[in-house]
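Single-structure report; data block below.
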Amino acid sequence: EAGVAQSPRYKIIEKRQSVAFWCNPISGHATLYWYQQILGQGPKLLIQFQNNGVVDDSQLPKDRFSAERLKGVDSTLKIQPAKLEDSAVYLCASSDWDGLTGELFFGEGSRLTVL
Amino acid sequence: KQEVTQIPAALSVPEGENLVLNCSFTDSAIYNLQWFRQDPGKGLTSLLLIQSSQREQTSGRLNASLDKSSGRSTLYIAASQPGDSATYLCAVSDTNAGKSTFGDGTTLTVKP
């Protein structure tokens, strides 16, 4: 079974530029999450999707971050314009939360460096 | 708001030692608790998942326990090996929509 796929693995940009990250969840998983992990900290939830709909985006900085999940499968997270403090690893995860075990599966992450 | 704390932040032990990592959470209304391992520059690998109705789960040298009433979970690692060196994170998911809250992790170093 294929795992959660993310790209790109690494991205270096200047502040005020834009960047987009892509995630393809495990087949059949209705729930998709984007987390931000700053060095030395645990992951912090940015946004949670259930199929096409947003379940929780309370910690997403909506003035600069946006995310969408088209057709309930792939998702894209965009940052525009980027700030220095956005340097972090962006992790995508999926689960079968809707009625089953709810086990989280993570991708390898996308490491963003903002200069 | 759920808060998850992991103590200690770092732990160094000699090879072969048995050890316990701790995770505490403030809201006992959880759906499940999951332990992860994270190697430097990598994503999170699931180790053990405990449903809210369960008390413990075992996988090889790992055993995780859950005490909802006290808001605690422990991860027991038997006969530690240098390959166990990594950061261990626990995550608690809520009953409403499966939102998971993470601790900041315990970084384990096992010395040969």
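In what follows, every chain begins at residue 1, and chains take the letters A, B, ... in the order their sequences are listed.
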Quiz item: Among the clusters formed by ILVMFWY side chains lying less than 4.5 Å apart, do A:W22 and A:L77 turn up in the same one?
Solution: no

Quiz item: Is it the backbone or the side chain of A:Q6 that comes under 4.5 Å from a heavy atom of chain B, or both, or neither?
Solution: neither

Practice problem: Drop me the distance from A:F106's CZ to B:T45's OG1, to the nearest 0.5 angstrom. | Solution: 10.5 Å

Practice problem: Answer with side chain, backbone, both or neither: which region of B:Q38 has an atom nearer than 4.5 Å to a non-hydrogen atom of chain A? | Solution: side chain

Quiz prompt | Audit row: A:Y35, B:S100, side chain to side chain contact (heavy atoms under 4.5 Å, CB included) steps and yes/no | solution = CA-CA 10 Å; A:Y35 285 86; B:S100 289; 3.3 Å; yes

Self-check item: Non-hydrogen atoms of A:E103 and B:L49 that approach each other most closely
Solution: CB-CD2, 3.7 Å

Quiz item: What distance do A:K44 atom NZ and B:T101 atom OG1 have between them, rounded to the nearest 0.5 Å?
Solution: 12.0 Å

Exercise. Answer with yes or no whether the hydrophobic clustering places B:Y76 together with B:L66; edges join I, L, V, M, F, W, Y residues whose side-chain heavy atoms lie under 4.5 Å apart.
Key: no

Quiz prompt | Spacing of CD belonging to A:Q41 relative to CZ belonging to B:F102, to within rounding of 0.5 Å | solution = 13.5 Å

Quiz prompt | Derivation and outcome, side chain to side chain contact (heavy atoms under 4.5 Å, CB included), residues B:K99 and A:V55 | solution = CA-CA 9 Å; B:K99 173 183 174 180; A:V55 174; over 6 Å; no

Quiz item: At their closest point, which heavy atom of B:L89 faces which heavy atom of A:G42, and how far apart are they?
Solution: CD2-CA, 4.0 Å

Quiz item: Quick check: are there more than 12 heavy atoms from other residues, nucleotides or ligands sitting under 6.0 Å from CG of A:L115?
Solution: yes

Quiz item: What about B:V110 and B:L62, same hydrophobic cluster or not, with Ile/Leu/Val/Met/Phe/Trp/Tyr joined at side-chain heavy-atom distances under 4.5 Å?
Solution: yes

Practice problem: Give a yes or no on this: more than 12 heavy atoms of other residues, nucleotides or ligands lie within 6.0 Å of atom NZ of A:K71. | Solution: no

Quiz item: When clusters are formed by joining ILVMFWY residues with side-chain heavy atoms under 4.5 Å apart, either directly or through shared neighbours, do A:L46 and A:V54 land in the same one?
Solution: yes

Quiz prompt | B:Q34 side chain vs A:L104 backbone, donor-acceptor pair below 3.5 Å | solution = yes

Quiz item: Are A:F105 and B:L47 joined in one hydrophobic group, where the rule is that I, L, V, M, F, W and Y side chains link up if heavy atoms are under 4.5 Å apart?
Solution: no

